[in-house]
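Worksheet for the structure shown next.
Here is the naming used below: chain letters follow the sequence lines, and residue numbers restart at 1 for every chain.
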Protein chains: 2
Amino acid sequence: MSAGSVSLRYFILGLLNQHPMSGYDIKRFLKGLSWLVDSPSFGNIYPTLHALLEDGLATMKVVSQQNKPPRKVYNITNVGRQALHEWANQPVASTMSLKTFVMRLVLAGNFSQERLITHLKRRRDQVADRRSALERATDELGERAGLQRLALDYGLALAATELAWLDNTVNRLSQQPLSLEVVRGD
Amino acid sequence: MSAGSVSLRYFILGLLNQHPMSGYDIKRFLKGLSWLVDSPSFGNIYPTLHALLEDGLATMKVVSQQNKPPRKVYNITNVGRQALHEWANQPVASTMSLKTFVMRLVLAGNFSQERLITHLKRRRDQVADRRSALERATDELGERAGLQRLALDYGLALAATELAWLDNTVNRLSQQPLSLEVVRGD
DNA sequence: AAGCGCATGTAAAAGGTTACATGATTAC
DNA sequence: GTAATCATGTAACCTTTTACATGCGCTT
């Protein structure tokens, strides 16, 4: 999960800040978005939740269900919220994978509208750089039509779409703010 | 690198099959494509090359340079080529990250035009499935406009572009095959 | 001989998946 | 009682990054 990515610890903490969840819930939620975000295994999720408990960043409550075994629902604490904000204030690496971008996008719900827009704009600049790099690489290839050209072509198509989407979204959000209703646990 | 991905061992082997390279060369080449493929560290590359040597899948020759320290250039062996083909014949997981797709696309140069087209078509189907899943998820969200919707929207935009590119490319390649000049090492 | 860029290498630590094991609850 | 689904948990293993260390060849 790491490698210029979002550490699972803070990714989960950010999810908990939006909604109390069990390990199973987290797995299901991320599995549904698995093309857009990392989807860790249970063997990674459960120990991470235990660590959050241990460090006082989250609390746990056993919730009985009908027809189903009980769940352990985790809730972020005030200390956890503070840790999350401190983490979020750290500078972000200048390059970022698609998944990392979307993960931070999801976490952005914990913060302000400005921060969200900043995040999108930074991504925009990054994608523009990437497009330039791909164009340069394409030029260097010259006439040769091969697999590398195919890969570059593919990358350029994606970059163009991403840029358009980001511009569009930044404009839209600037005019009409998103309501960021974060469900606060307690 | 693993986790439904392309193992570094075979990725490097595939690169060597297209062109003899040193560890440093590999690093530089992949760094340039780092948005499209995994870009492993030296601490991963060098030991992998040693293992390929050890297993007889590659040979190594020290090549002196002017003005620069000598390089260790690796070359695939016949045994290595056979291992690569066996690996490539194994069934591929039904879902694949963008990077994994592009990595396999680059490796496809080692194989036939049909295999290349098959790879692209399989990706096409996969992306179509993904789009359906994202559409379903969007419907389930209903009216609520939030970050999750933003993420889904983003995913849908990318999926649409990918589908168009894949269709386009498959058609183009079906009519006008790509010349796959693989530089055979020695 | 000191410094710099190229090039290779390694050990320790971090991060993750796989493959189990356990147990609750319902349905047959 | 046994199979199936939901849910949690753990240990062994694998991969990968990080943070060094080494050395060549040129320049000053």
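To the nearest angstrom, C1' of dG15(C) lies 16 Å from CZ of F11(A). Taking atom CD1 of residue I26(A) and atom C1' of nucleotide dA7(D), one finds them 13 Å apart after rounding to whole Å. For the pair K31(A) NZ and dA7(D) C1', the computed distance is 14 Å after rounding to whole Å. Whole-Å rounding puts the I45(B) CD1 to dG9(C) C1' distance at 12 Å. Rounding to whole angstrom units, CE of residue M60(B) and C1' of dA7(C) are separated by 13 Å. Atom pair M21(B):CE and dT8(C):C1' shows a separation of 16 Å (rounding to whole Å applied). Atom pair F29(A):CZ and dC6(D):P shows a separation of 19 Å (rounding to whole Å applied). Going from atom CD of E54(B) over to atom C1' of dG9(C) covers 16 Å, rounded to whole Å.
Under 3.5 Å, the side chains of S174(B) and N171(B) contain no donor-acceptor pair of N or O atoms. A side-chain donor-acceptor contact under 3.5 Å links D25(A) and S22(A). Neither side chain, S39(B) nor S34(B), offers a donor N or O lying under 3.5 Å from an acceptor on the other.
Note on N44(A): a side-chain N or O is less than 4.0 Å away from OP1 or OP2 of dT17(C). The shortest distance between the side-chain N/O atoms of S22(B) and the OP1/OP2 oxygens of dT8(C) is below 4.0 Å. Within the structure, every side-chain polar atom (N or O) of H50(B) is placed at least 4.0 Å from both OP1 and OP2 of dT8(C). In this model, the phosphate group of dT8(C) is approached by a side-chain N or O of Y46(B) to a distance below 4.0 Å at OP1 or OP2.
Across all strands shown, G23(B) has heavy atoms under 4.0 Å from sugar-phosphate atoms exclusively, and none from any base.
Taking the side chain of Y24(B) as heavy atoms from C-beta on, and the options dA7(C), dT8(D), dT17(C), the nearest nucleotide is dA7(C). You'll find that the side chain of P47(A) is closest to dT10(D), out of dT8(C), dT8(D), dT10(D).
When atom types are taken as modelled, the side chain of H19(A) and the backbone of L15(A) share no donor-acceptor pair closer than 3.5 angstrom.
Both F42(B) and K72(A) lie close to DNA chain D; mapped to their nearest nucleotides by heavy-atom distance, the more 5′-ward contact belongs to K72(A). Nearest-nucleotide positions on DNA chain D for L8(B) and Y74(A) put Y74(A) closer to the 5' end.
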Side chains of residues 118-126 of chain A: which donor-acceptor partners sit under 3.5 Å, not counting sequence neighbours?
residue	atom	partner	partner atom	Å
T118(A)	OG1	E114(A)	O	2.8
R123(A)	NE	E162(A)	OE2	3.0
R123(A)	NH1	M96(A)	O	2.9
R123(A)	NH1	Q126(A)	OE1	3.3
R123(A)	NH2	E162(A)	OE2	2.8
R124(A)	NH1	D167(A)	OD1	3.0
R124(A)	NH1	D167(A)	OD2	3.0
Q126(A)	OE1	M96(A)	N	3.0
Q126(A)	NE2	S94(A)	O	3.2

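Relative orientation of the H85(A) and F111(A) rings is perpendicular, given thresholds of 30° and 60° on the angle between their planes.
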Quick one: which protein N/O atoms are closer than 3.5 Å to N/O atoms of nucleotides 20-25 of chain D? Pair and distance per line, please.
none

- Message: Determine whether D139(A) and R136(A) satisfy the following criterion, salt bridge (Lys or Arg N to Asp or Glu O under 4.0 Å), listing intermediate values before the conclusion.
- Response: CA-CA 5 Å; D139(A) 287 348; R136(A) 244 181 292 117; over 6 Å; no

